[in-house]
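To start, the structure itself, in structure tokens.
Because only heavy atoms are used, hydrogens play no part in the values below, and waters and symmetry mates are left out as well, while side chains stay in. Source: prediction; values computed, not measured. In this chain, numbering begins with 1 at the start of the sequence shown.
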Amino acid sequence: MTIVENIRGALEQHLHPQFLEIVDDGAKHIGHAHEGSGHFTVRVTAAAFAGKTRVQRHRMVYEALEPLLHNGIHALSIEAQAPEGTVSD
């Protein structure tokens with residue numbers, strides 16, 4: 001499995017998202033530490049985020065991905081939201 005597939009599987013298992021997009025940003029980091037690998041943007045919409053603050057939503061994503069944080073993920077940008085019509089901060 002690729003790291004993107006592993007990220008997708010972990011987030012689907014833990015958050016059951018209605019929307020999930022994972023972008024490999026590695027090419028944007030040529031010349032930086034960990035060049036070309038481990039940089040990702042995750043855009044996720046999940047009912048599990050309803051009523052949660054931005055910090056709480058990010059923690060939920062990090063918890064789901066914890067096993068990968070030291071094995072494939074170097075940098076992670078997160079856009080996490082609850083579905084429209086649900087309450088979140």
Side-chain angles (χ1 to χ4, degrees):
M1 289 182 106
T2 68
I3 186 67
V4 171
E5 291 170 330
N6 288 335
I7 292 169
R8 180 173 302 284
L11 293 174
E12 287 176 346
Q13 179 182 358
H14 287 87
L15 300 174
H16 310 288
Q18 287 81 3
F19 173 80
L20 177 59
E21 179 182 31
I22 303 161
V23 179
D24 185 343
D25 294 325
K28 294 180 186 177
H29 299 278
I30 301 300
H32 299 164
H34 299 277
E35 177 177 314
S37 67
H39 296 79
F40 299 94
T41 296
V42 172
R43 294 180 184 97
V44 57
T45 302
F49 295 142
K52 305 288 194 252
T53 66
R54 181 176 180 221
V55 171
Q56 290 171 321
R57 294 189 304 262
H58 283 219
R59 284 182 181 155
M60 292 170 71
V61 171
Y62 280 116
E63 286 173 12
L65 298 178
E66 197 279 327
L68 302 173
L69 293 177
H70 305 289
N71 188 22
I73 297 175
H74 170 71
L76 186 63
S77 174
I78 301 170
E79 297 174 22
Q81 61 187 21
E84 287 189 29
T86 58
V87 178
S88 63
D89 295 329

Taking side chain to side chain contact (heavy atoms under 4.5 Å, CB included) as the definition, give me every residue that meets it alongside Ala10, ordered by chain and number, with sequence neighbours left out.
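Partners of Ala10 by the side chain to side chain contact (heavy atoms under 4.5 Å, CB included) criterion, ordered by chain and then number, come out as Leu65.
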Could you pull out the closest heavy-atom pair between [X] and [Y], with the gap in Å?
X     : Y     : result
Leu11 : Ala64 : CD2-CB, 3.9 Å
Ala46 : Pro83 : O-CD, 3.3 Å
Pro17 : Val44 : CB-CG2, 3.6 Å

Distance, nearest 0.5 Å, that separates [atom1] of [X] from [atom2] of [Y]:
X     : Y     : atom1 : atom2 : answer
Asp24 : Phe40 : CG    : CZ    : 4.5 Å
Met60 : Gln56 : CE    : CD    : 8.5 Å
Arg8  : Gln13 : CZ    : CD    : 14.5 Å
Gln18 : Gln81 : CD    : CD    : 10.5 Å

Applying the side chain to side chain contact (heavy atoms under 4.5 Å, CB included) criterion to Thr41, which one of Asp25, Ile78, Leu76 satisfies it?
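Looking at Asp25, Ile78, Leu76, the match for Thr41 under the side chain to side chain contact (heavy atoms under 4.5 Å, CB included) is Asp25.
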State which residue, out of Val42, Leu68, Asn6, fulfils the side chain to side chain contact (heavy atoms under 4.5 Å, CB included) condition with Ile73.
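Of Val42, Leu68, Asn6, side chain to side chain contact (heavy atoms under 4.5 Å, CB included) with Ile73 is met by Leu68 alone.
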Do Val23 and Arg43 have side chains that get closer than 4.5 Å, going by heavy atoms?
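Yes; the side chains approach each other to less than 4.5 Å.
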Under 4.5 Å between any side-chain heavy atoms of Ile7 and Thr2, yes or no?
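Result no, sub-4.5 Å side-chain heavy-atom pair not found.
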By the salt bridge (Lys or Arg N to Asp or Glu O under 4.0 Å) test, which pairs, at least two apart or in different chains, include something from residues 58-73?
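Not a single pair qualifies under salt bridge (Lys or Arg N to Asp or Glu O under 4.0 Å).
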Partners meeting side chain to side chain donor-acceptor pair (under 3.5 Å) with Glu12 (sequence neighbours left out):
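None.
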Mind running side chain to side chain contact (heavy atoms under 4.5 Å, CB included) on Val61 and Phe49 for me, showing each step along the way?
CA-CA 10 Å; Val61 171; Phe49 295 142; 3.9 Å; yes
